[in-house]
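Here's the structure we're looking at; comments come further down.
Below, read A as the first sequence line, B as the second, and so on, with proteins coming before strands; counting in each chain starts at 1. Computed from heavy atoms alone, side chains included, the values below leave out hydrogens, waters and symmetry copies.
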Amino acid sequence: MLKMSTLLLRTLRDDPADAEVASHKLLVRAGYVRRVAAGIYAWLPLGYITLRNIERIVREEMDAAGFQEVHFPALLPKDPYEKTNRWEEYGSDLFRLQDRKGNDYLLGPTHEEMFTLMVKGEYSSYKDLPLSIYQIQTKYRDETRPRSGIIRGREFVMKDSYSFDLDDDGLALSYEKHRNAYIKTFDRLHMKYNIVSAVSGAMGGSRSEEFLAPCGTGEDTYVLCEKCGYAANVEAMVTKVAPFSGDTPAAMEVFDSPNTPTIDSLVELLNATFGGGFKASDTLKNVLLMADDEAISVLVPGDREVDLKRLQANLHGVEELRLFDDGDFAKRPGLVKGYVGPQDAAKLGLRLFADPRVQIGSHWVTGANAKDKHVRFVTHGRDFEVERFIEAAEVRAGDLCPECATPVVIDRAIEIGHIFQLGRKYAEALDLTVLDKDGKPRVVTMGSYGIGVSRAVAAVAEQTHDEIGLCWPREIAPADIHIVATGKDDQPFDVALQLATDLENSGMRIMLDDRRDASPGVKFKDSELIGIPFIVVVGKALADGKIELRVRKSGEKAEIALDGAVAHILKTVTAE
RNA sequence: CGGGGCGUAGCGUAGUGGCUAGCGCGCCUGCUUUGGGAGCAGGAGACCGGGAGUUCGAAUCUCCCCGCCCCGACCA
């Protein structure tokens with residue numbers, strides 16, 4: 001039983017000055033967490049109970065799925081991370097340190113290497129697979145900018161699992177088992193979430209999905225089709241267009257276009273010269289970029305911008321991507337800023353990519369690769385060819401769902417889980433093989449799966465709070481019932497304690513506000529701020545043999561007879 | 001890393017060259033009060049983020065450093 005007279009808890013009336021998002025403000029005000037340094041938080045009793053409740057739910061669901069829990073240190077030697085090249089690759093996000101002898105160590109940002117080595121050390125036969133193991137561990141990442149309280153910290157608690165299989169079919173099955181376990185977990189956490197296709201990136205894996213909890217303060221943007229439920233990370237959104245069906249136009253025709261280096265000015269000129277009806281989407285924008293050391297051109301309709309993040313996610317293997325600057329133009333005199341067209345790309349040594357909207361057979365108004373000249377009827381397939389189509393154009397609300405062609409919406413969310421078919425990258429780097437039926441060594445294929453446990457505390461707070469405070473689902477809350485005693489005599493306090501004891505003996509987790517000096521108003525405000533789902537008030541109504549039962553979320557209040565109260569409360573609480 | 005902002009008691013803040021740094025919350029003592037963040041009286045708590053400088057005089061001006069927040073870049 002938590003007794004507020006002795007609980008290490010001090011609620012604050014004012015929002016902390018350094019907090020911006022609701023979960024951060026409320027978790028600090030309600031006495032759940034305190035900041036220790038940027039992105040590093042201490043958990044007070046209420047917060048730590050809450051964190052452990054979420055941890056427990058996650059653990060129970062992982063165990064139920066047949067995954068085995070292990071535990072690694074956070075403090076790790078450099079060597080395994082050198083072998084996979086992540087000592088370097090992770091860059092300055094990695095917390096590095098040295099021991100007294102000058103040997104290098106790191107604080108684990110994620111543990112693929114260690115899990116791979118553990119399996120390598122213990123197993124060597126295909127008969128031992130499949131295997132899924134997990135841990136709940138504190139991770140360290142020296143984020144350049146921690147933000148939003150405990151949503152993005154430099155130290156955080158994460159559940160990470162790894163699956164090991166002999167072949168792709170096995171991996172697909174392990175992935176599916178994790179996916180199902182995650183669905184059960186997040187359902188039990190009472191979270192609203194979408195499972196969103198993500199780009200698997202340069203890691204080589206084939207399938208990757210994120211569990212995103214929709215929330216205005218979230219930092220991830222994703223696309224959602226409200227009709228069919230299709231959801232995708234903006235990077236992974238697929239553009240679907242009907243095949244081009246118009247006639248092939250006449251040959252390319254160059255025309256004068258002085259002082260029209262922008263799409264807007266070009267549209268204006270077109271309407272003045274060739275009659276009305278031209279739109280930005282009839283023109284072709286040639287976006288020039290440097291991909292590592294290579295010049296590329298990406299073709300998008302004139303009304304779209306190139307989304308660099310999307311482009312990079314779909315340009316596999318490119319480390320650095322940036323728009324052309326004046327120096328790049330200066331080095332390539334054939335490219336005239338504002339007047340670039342794809343028809344001479346081969347001659348100019350440009351690699352060409354096109355947005356799927358720039359279909360084969362479609363024709364465009366674009367630059368003539370000469371100052372003050374544009375050209376029309378430039379036809380894809382006749383006048384230029386691209387290396388391949390690429391998803392690079394910005395995604396907008398109203399773009400069509402690739403599954404059912406309904407306009408999609410764009411929403412923000414917090415990433416609470418990520419499941420990922422890793423493939424053989426780590427197994428290869430660390431030489432994790434098992435002998436197959438034929439006695440031949442085979443490299444194991446892996447999946448990796450994460451849930452942000454401490455982040456989930458904040459995410460649930462974000463999704464469930466209201467104007468007056470936190471509002472937890474029962475299984476997560478620091479207690480099931482918050483009993484408040486008010487009055488100056490001993491009686492309500494004695495009754496409240498007895499009630500608390502009886503309810504506790506019936507399996508309820510109780511927080512009892514037995515403070516003798518705090519006024520009723522203070523106690524009520526605190527109970528609302530702290531957000532335990534049921535509040536029982538023992539006070540004024542006691543004169544009539546009654547107590548009050550409140551539901552935090554709905555604000556419902558009901559007076560019930562003290563006689564038989566335990567049974568009544570149990571019924572209400574467990575009916576939720 | 002670029003841009004913006006902020007560091008004054010546990011928390012929220014006022015003070016922008018001049019006396020002993022002010023207020024609210026919280027905390028301690030006493031009395032009163034007890035159904036919506038009570039009242040009165042008394043009290044403790046601050047090397048004003050750190051250092052150097054300018055000045056008769058610095059929380060206040062200048063420079064350097066440190067820390068923190070926000071936007072962007074970055075982010076399994």
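- A/Tyr48 meets the ring pair (Phe, Tyr, Trp, His ring centres under 6.0 Å) test with no other residue; sequence neighbours excluded.
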Check nucleotides 9-15 of chain B against the protein and report each pair of N or O atoms closer than 3.5 Å, with its distance, or say if there are none.
from	atom 1	to	atom 2	distance (Å)
B/rG12	OP1	A/Ala17	N	3.1

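- Remark: A/Gln463 engages no residue in a side-chain hydrogen bond (donor to acceptor under 3.5 Å, both in side chains) (not counting sequence neighbours).
- For A/Lys83, the salt bridge (Lys or Arg N to Asp or Glu O under 4.0 Å) criterion is met by A/Asp79, not counting sequence neighbours.
- Listed by chain and residue number, nothing satisfies the ring pair (Phe, Tyr, Trp, His ring centres under 6.0 Å) test with A/Tyr81 (two or more places apart in sequence, or in another chain).
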Polar-atom pairs under 3.5 Å, protein N or O versus N or O of nucleotides 1-7 of chain B: list them with distances, or write none.
none

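- Checking the phosphate oxygens (OP1, OP2) of B/rU34, a side-chain nitrogen or oxygen of A/Lys488 falls inside 4.0 Å.
- Legend: salt bridge (Lys or Arg N to Asp or Glu O under 4.0 Å) pairs involving residues 551-563 of chain A, not counting sequence neighbours, sorted by first then second residue: A/Asp466-A/Arg552.
- By the salt bridge (Lys or Arg N to Asp or Glu O under 4.0 Å) test, A/Asp18 is found to be paired with A/Arg35, residues two or more places apart in sequence or in another chain being considered.
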Its contact letters, B for base, S for sugar-phosphate only and - for none at protein heavy atoms under 4.0 Å, make nucleotides 38-46 of chain B read S--------
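- Partners of A/Glu210 by side-chain hydrogen bond (donor to acceptor under 3.5 Å, both in side chains), not counting sequence neighbours, listed by chain and number: A/Asn233.
- Counting atom types as modelled, A/Arg10 pairs no side-chain N or O with a base atom of B/rG37 as donor and acceptor under 3.5 Å.
- With a cut-off of 3.5 Å on both pairing distances, the Watson-Crick and G-U wobble pairs of RNA chain B assemble into stems of 3 or more at B:1-7 with B:66-72, B:10-13 with B:22-25, B:27-32 with B:38-43, B:49-53 with B:61-65.
- Here A/Ser92 lies out of heavy-atom contact (under 4.0 Å) with every strand.
- Pairs passing the ring-ring contact (aromatic ring centres under 6.0 Å, His included) check and including a residue from residues 1-39 of chain A, sequence neighbours excluded, read A/His24-A/Tyr41, A/Tyr32-A/Trp472.
- A/Gly539 comes within 4.0 angstrom of a nucleotide base, judged by non-hydrogen atoms across all strands.
- Electrostatic pairing of A/Glu305 and A/Lys285 counts as a salt bridge here, judged by a charged N lying under 4.0 Å from a carboxylate O.
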